[in-house]
Engineer: 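Before anything else, here's the structure in question.
Here is the naming used below: chain letters follow the sequence lines, and residue numbers restart at 1 for every chain. What's counted below: heavy atoms across the whole structure, side chains too, no hydrogens, waters or symmetry copies.
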Protein chains: 2
Amino acid sequence: MPTTTAAQRREQARIEYDAFLRDCPTNQLLDRISDKWVALVVAALSSGPKRYSELGRKIAGVSPKMLTQTLRTLERDGLISRTVTPSVPVRVDYTLTPLGEGLARLLTAVKDWAETHIEEVHRARERYDAENS
Amino acid sequence: MPTTTAAQRREQARIEYDAFLRDCPTNQLLDRISDKWVALVVAALSSGPKRYSELGRKIAGVSPKMLTQTLRTLERDGLISRTVTPSVPVRVDYTLTPLGEGLARLLTAVKDWAETHIEEVHRARERYDAENS
DNA sequence: CAGTATCCACTGGGATACTG
DNA sequence: CAGTATCCCAGTGGATACTG
């Protein structure tokens, strides 16, 4: 009789795997671009620098909290840069860095694939749903 | 005095935006590949067909529930195909469809970008954390 | 204008147990 | 072997209110 159960062993594996995934570059990147607002912010900024409130308006429905949070992580990762103009009232501009522009191009590739194949995916869904009704 | 508050207007915008995002092909795709397990399953299958339990072992730490759920949505989207061999015990194989192979190639592009630029991101993070300490 | 702070509801996914 | 069913908790993000 083993002293560890199957569940315990899988939990151990899960812990190790989580650690591995945190270190995995691909997963770190997927964590970023999968964030609901990141892709939208990057897309908005790819047409040029924007102010905080411009982003808030362009990305309708985002709360100040999430907009700030998104901008902070992107800034921390070196994907966007934040410029404060100490006028009254203050003005803050966000711009894509060269690294961020690279990410924008990658997202364009994702977008192209999505738009090219979405019809096929939709047909597959209809077929699947029809068969399993 | 307006009859709608700023919050109410933003909520309305959020609802419309959510609807828009649901219809947006890019976001639908991002929803898929951002799923914690999808990328792992696709990667596992890109080296050839696998059985359910093989996937469970290769992707350490995944629970049966999530593995099944992931496989179902991928099958529904036409990205993988499921083949049941009615032997005893039953045998189920999962394979990437041509569409799924296309997705796998896209994920390879994502992976390449991630691995090429992760160092730069890490340096940016260290710089950011040092400045804001 | 450009945020920050707090509270809280909701849901995604893990643990666990069971089945054709 | 290949799942399904149920319970349940933690983390995410929205609402709301406040500030330099």
Side-chain angles (χ1 to χ4, degrees), chain A residues 4-18 21-22 31-32 34-38 40-41 49-76 80-95 132, chain B residues 4-18 21 31-32 34-38 40-41 49-75 80-95 132:
Chain A
T4 54
T5 66
Q8 285 173 326
R9 265 178 276 115
R10 205 188 48 232
E11 207 210 329
Q12 184 56 31
R14 199 181 57 75
I15 292 170
E16 287 167 15
Y17 212 65
D18 280 355
L21 287 180
R22 263 195 305 281
D31 271 356
R32 281 292 162 279
S34 70
D35 186 286
K36 185 179 177 183
W37 303 113
V38 164
L40 297 167
V41 168
K50 298 275 178 302
R51 300 177 60 172
Y52 182 88
S53 51
E54 283 183 287
L55 288 170
R57 252 172 291 118
K58 185 152 186 172
I59 306 170
V62 68
S63 63
K65 176 185 170 180
M66 290 317 295
L67 182 55
T68 301
Q69 198 176 105
T70 304
L71 291 168
R72 285 292 175 283
T73 58
L74 289 176
E75 188 195 358
R76 179 169 183 260
I80 64 175
S81 66
R82 178 174 179 271
T83 317
V84 182
T85 309
S87 53
V88 179
V90 290
R91 174 197 177 102
V92 181
D93 286 275
Y94 292 93
T95 321
N132 301 60
Chain B
T4 53
T5 66
Q8 284 173 328
R9 265 177 277 117
R10 204 185 53 233
E11 208 210 328
Q12 184 56 30
R14 198 180 59 73
I15 292 169
E16 287 167 16
Y17 213 64
D18 279 355
L21 288 179
D31 272 355
R32 281 291 161 279
S34 71
D35 187 286
K36 186 179 177 183
W37 304 112
V38 164
L40 296 167
V41 168
K50 299 274 177 301
R51 301 178 58 173
Y52 182 88
S53 51
E54 284 182 286
L55 288 169
R57 252 173 290 117
K58 186 151 186 174
I59 306 170
V62 69
S63 61
K65 174 184 170 180
M66 290 317 295
L67 183 54
T68 300
Q69 196 176 107
T70 304
L71 291 168
R72 285 292 177 282
T73 59
L74 288 176
E75 188 195 357
I80 63 175
S81 66
R82 178 172 179 271
T83 316
V84 182
T85 309
S87 53
V88 179
V90 290
R91 174 198 176 103
V92 181
D93 287 275
Y94 292 93
T95 321
N132 302 60

Engineer: Between P on dG13(D) and CG on D18(B), what's the gap in Å once rounded to a whole number?
Structural biologist: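 Answer to the nearest Å: 13 Å.
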Engineer: Among dG14(D), dG20(C), dA2(C), find the nucleotide with the atom closest to the side chain of M66(A).
Structural biologist: dG14(D)
Engineer: Sequence neighbours left out, what passes side-chain contact (heavy atoms from CB on, under 4.5 Å) with R57(A)? Give chain and number order.
Structural biologist: S53(A), E54(A)
Engineer: Let me know the distance between CG of L55(A) and C1' of dC1(C), rounded to the nearest Å.
Structural biologist: 13 Å
Engineer: Where do V62(B) and L40(B) land on the side chain to side chain contact (heavy atoms under 4.5 Å, CB included) test, with the steps shown first?
Structural biologist: CA-CA 10 Å; V62(B) 69; L40(B) 296 167; over 6 Å; no
Engineer: Provide, to the nearest angstrom, the distance between the CG atom belonging to D93(B) and the P atom belonging to dC1(D).
Structural biologist: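 The answer, rounded to whole Å, is 13 Å.
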Engineer: When you compare the side chain of V41(B) with that of I59(B), does any pair of heavy atoms fall below 4.5 Å?
Structural biologist: yes
Engineer: Is R51(B) close enough to dA2(D) that one of its side-chain N or O atoms is under 4.0 Å from OP1 or OP2 there?
Structural biologist: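 Looking at the OP1 and OP2 atoms of dA2(D), one of them is under 4.0 Å from a side-chain N or O of R51(B).
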Engineer: Find the distance L67(B):CG to dG14(C):P and express it as a whole number of Å.
Structural biologist: 11 Å
Engineer: So does S63(A) get a side-chain nitrogen or oxygen closer than 4.0 Å to the phosphate oxygens (OP1/OP2) of dG13(D)?
Structural biologist: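 No, because none of the side-chain N or O atoms of S63(A) sits under 4.0 Å from OP1 or OP2 of dG13(D).
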Engineer: Without decimals, in angstroms, what is the distance between Q69(B) CD and dA2(D) C1'?
Structural biologist: 16 Å
Engineer: Once you build an axis from the first five pairs and another from the last five of the helix from dC1(C)-dG20(D) to dG20(C)-dC1(D), how far apart in angle are they, to 10 degrees?
Structural biologist: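 Rounded value for the end-axis angle: 60°.
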Engineer: Can you name the nearest heavy-atom pair linking R51(A) to V90(A), along with the distance?
Structural biologist: NH2-O, 4.2 Å
Engineer: Identify each atom pair where a protein N or O and an N or O of nucleotides 3-5 of chain C are less than 3.5 Å apart, giving names and distance.
Structural biologist:
unit_1: dG3(C); atom_1: OP1; unit_2: R72(A); atom_2: NH2; d: 3.3
unit_1: dG3(C); atom_1: OP1; unit_2: R82(A); atom_2: NE; d: 3.4
unit_1: dG3(C); atom_1: OP1; unit_2: R82(A); atom_2: NH2; d: 2.7
unit_1: dG3(C); atom_1: OP2; unit_2: Y94(A); atom_2: OH; d: 2.7

Engineer: What pairs with Y17(A) under ring pair (Phe, Tyr, Trp, His ring centres under 6.0 Å), at least two apart in sequence or on another chain?
Structural biologist: F20(A)
Engineer: With a cut-off of less than 4.0 Å, is there a side-chain N or O of K36(A) near OP1 or OP2 of dG14(D)?
Structural biologist: yes
Engineer: Run the side-chain contact (heavy atoms from CB on, under 4.5 Å) test against D31(A) and tell me which residues pass, sequence neighbours left out.
Structural biologist: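 By the side-chain contact (heavy atoms from CB on, under 4.5 Å) rule, D31(A) matches no residue at all.
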Engineer: According to side-chain contact (heavy atoms from CB on, under 4.5 Å), who are the partners of E16(A), at least two apart in sequence or on a separate chain?
Structural biologist: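 So E16(A) forms a side-chain contact (heavy atoms from CB on, under 4.5 Å) with Q12(A).
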Engineer: Is the closest side-chain donor-acceptor distance between Y52(B) and T68(B) under 3.5 Å?
Structural biologist: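 Checked: Y52(B)/T68(B) side chains pair up, N/O donor to acceptor below 3.5 Å.
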Engineer: Hey, does the side chain of T85(B) reach the backbone of S87(B) with a donor-acceptor pair shorter than 3.5 angstrom?
Structural biologist: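 It does not hold such a pair.
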Engineer: Just the rounded figure in Å: distance from P of dT11(C) to CG of D31(B).
Structural biologist: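 Taking CG of D31(B) and P of dT11(C), I get 15 Å after rounding.
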